Amino acid sequence: MTAAPTLLAHGVGGRQDLPITLPQLVVAAALTLVVTFVALGLLWREPRLDRDATGGRPVPHRLARLVDAPGFRWALRGLGLLAAAWFCLGLVGGPDTADNPTAGALYVLLWVGLAPLSLLLGPIWRAVNPLRTVHLLVALAARRDPNRGLRELPDSVGWWPAAATLFGFVWLELVAPDRATLPVITAWLTGYAMVLLAGAVLFGAGWFDHADPFEAYSTLIGHLAPLGRAADGVLVWRNPLDGIAGLRPRPGLVAVVIVLLGSTMYDSLSNAPGWLRFSQENGLHPAVTGSAGLSLVIAAVAAAYLAATGAAARIGRAEAPDARQVPGEIAHSIVPIAVGYVVAHYYSLLILEGQRTVALLSDPLGTGANWLGTAGWEPRTALITPSGVASVQITVIILGHLLGTLLAHDRALYLFPRARAVAGQLPLLALMVAYTVAGLLLLYAG
């Protein structure tokens, strides 16, 4: 199967499309973060965000009844099963050519499209996850409680399994040889399904919360949605910053956030001419070079984060029971940064390849049918002019870092004595500036 060129080309902007020069942009972005930090230190002196997720305005009663109705939840589960079955038509019976929609459906519609859906609706993948539904149906048929498995899952497991499976998916997307071909996709999805379903049998349905990479991804981003749940389960409209502030530390949370951010940074690096030359000339198999590069970038992002949060804990003289909790407490501030990189890096891919994939999904078996009525779609490019994409990329990256700075500031007011709160944030400011500069340089490295 020959992948469509746009499938692996994640942007159409470049240095020549920037409204200012790249050095000017980097300096302006860094100064923006510094000025924001100073303003927050002067004007935002008390914690304001709802870290306990108790606030929000209840949605209209009819909407709440609809969303919470068992019939609506089963409709979403059915939609997820139907989409999975349609996907499997192309995976199992479709042609092994570029006209097969399987790669686009997995890498673009699911992985990239899940981000804006989760930003709007919350952790939507949990509601439509076909593997979760399959496990539920089997448990009901066997008259067993789907939430109970053969063993109890220790609390210490947290999101560590999701960090591992998320790394496995980004390795598939960015490194795996022939990753757009049906055999490779089939092999990965088979392993993914076996790990999740076997874990659900062993530990109950809660295993999906701990191990599904798409649920972890959707849940993280979903904390930024304007629609969410209060602590008592009531459906509310909320300030998205309150939503993400309610993301509580748990084992593996930092790892999931770092893998998400680091993998997107590596994706930018892997398209740079210098990296491409190195990959071609070092004599190693591309998968070896790519695996090492992906691991090293994620490790560098993690090292910078842990060094900054460790320094913040020391300088701020954290009063938390243990200063080692600070990385987990600050992890929520990295989520809008990661979302900014995802939107910046994949915006044009979603628009272009997303339209092409929807057109191909009308005939997953390649028989010439037009079951969905979309086979004749021609991708529209009005939203992806080079200058327009460059402007979107700049905006979302800087906005993500500004929100991250604000979230870190508010959390520092909780964690550190007031007299040390601003000083304790200096390492975090340095981290935000470093991530911003690195992200912009990598994104426009071409």
Side-chain angles (χ1 to χ4, degrees), residues 1-16 22-23 26 96-98 100 102-104 106-108 111-112 163-192 195 213 255-307 338 341-342 344-346 348-349 352-353 393 434-446:
M1 176 178 173
T2 304
T6 53
L7 185 59
L8 302 180
H10 294 164
V12 299
R15 290 179 183 174
Q16 70 275 14
L22 183 59
V26 170
D96 198 11
T97 68
N100 190 302
T102 299
L106 177 63
Y107 298 129
V108 181
W111 180 244
V112 181
T165 55
L166 181 63
F167 181 85
F169 179 78
V170 297
W171 181 87
L172 170 73
E173 184 207 10
L174 303 175
V175 176
D178 302 320
R179 52 192 174 273
T181 62
L182 296 184
V184 172
I185 293 175
T186 300
W188 191 91
L189 289 177
T190 300
Y192 158 75
V195 167
V256 170
V257 172
I258 292 301
V259 169
L260 179 59
L261 178 60
S263 62
T264 309
M265 284 190 168
Y266 170 76
D267 201 359
S268 295
L269 172 66
S270 65
N271 291 316
W275 179 262
L276 292 174
R277 285 195 300 271
F278 172 73
S279 299
Q280 295 167 359
E281 297 172 359
N282 64 18
L284 298 174
H285 191 282
V288 175
T289 303
S291 299
L294 176 62
S295 300
L296 287 174
V297 171
I298 292 175
V301 170
Y305 178 79
L306 294 176
Y341 282 123
V342 168
H345 199 72
Y346 299 111
S348 59
L349 178 73
L352 273 178
E353 191 64 23
Q393 291 172 333
Y435 281 170
T436 303
V437 171
L440 291 172
L441 290 178
L442 288 174
L443 189 64
Y444 296 104

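Please read these numbers as outputs of a predicted model, since none were measured by experiment. Each residue takes its place number in the sequence, starting with 1.
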Using every non-hydrogen atom in the two residues, find where [X] and [Y] come nearest and quote the distance to one decimal.
X	Y	value
Val112	Leu349	CG2-CD2, 4.2 Å
Ile298	Ile258	O-CG2, 3.6 Å
Pro213	Thr165	CD-OG1, 3.2 Å

What's the separation between atom [atom1] in [X] and atom [atom2] in [Y], rounded to the nearest 0.5 Å?
X	Y	atom1	atom2	answer
Leu269	Leu174	CG	CG	11.0 Å
Leu442	Tyr341	CG	OH	8.0 Å
Ser348	Gln393	OG	CD	7.0 Å

* Pairing residues for Trp171 by the ring pair (Phe, Tyr, Trp, His ring centres under 6.0 Å) criterion, not counting sequence neighbours ->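 Testing Trp171 for ring pair (Phe, Tyr, Trp, His ring centres under 6.0 Å), a comparison that skips the adjacent residues, returns none.
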* Does Ala304 have any side-chain contact (heavy atoms from CB on, under 4.5 Å) partners at least two apart in sequence or in another chain, and if so, which? ->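 Testing Ala304 for side-chain contact (heavy atoms from CB on, under 4.5 Å), a comparison that skips the adjacent residues, returns Leu431, Tyr435.
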* Asked: Among all residues two or more places apart in sequence or in another chain, which pass the side-chain contact (heavy atoms from CB on, under 4.5 Å) test with Pro183?
  ->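 For Pro183 the side-chain contact (heavy atoms from CB on, under 4.5 Å) partners, ignoring immediate neighbours, are Asp96, Thr181.
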* How are the rings of Phe169 and Tyr107 set to each other: parallel, tilted or perpendicular (split at 30° and 60°)? ->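 Plane angle between 30° and 60°, so tilted.
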Can you give the donor-acceptor pairs under 3.5 Å from side chains of residues 272-280 to other protein atoms, not counting sequence neighbours?
unit_1	atom_1	unit_2	atom_2	d
Trp275	NE1	Ser279	OG	3.2
Ser279	OG	Trp275	O	2.9

* Side chains of Pro177 and Val184: closer than 4.5 Å at any heavy-atom pair? ->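 Answer no - side chains too far apart.
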* Asked: Going by heavy atoms in the side chains, are Phe167 and Ser295 under 4.5 Å from each other?
  ->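 SC-SC contact between Phe167 and Ser295 confirmed.
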* To do: Starting from the C-alpha separation in whole Å, work towards a yes-or-no answer on side-chain contact (heavy atoms from CB on, under 4.5 Å) for Asp267 and Tyr346.
  => CA-CA 10 Å; Asp267 201 359; Tyr346 299 111; 2.7 Å; yes
* Residues in side chain to side chain donor-acceptor pair (under 3.5 Å) with Thr436, at least two apart? ->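 For Thr436, the residues satisfying side chain to side chain donor-acceptor pair (under 3.5 Å) (neighbours in sequence not counted) are His401.
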* To do: Return the set of residues passing side chain to side chain donor-acceptor pair (under 3.5 Å) with Thr289 (not counting sequence neighbours), or none when no residue passes.
  =>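 Counting only residues at least two positions away or on another chain, Thr289 forms a side chain to side chain donor-acceptor pair (under 3.5 Å) with Asn282.
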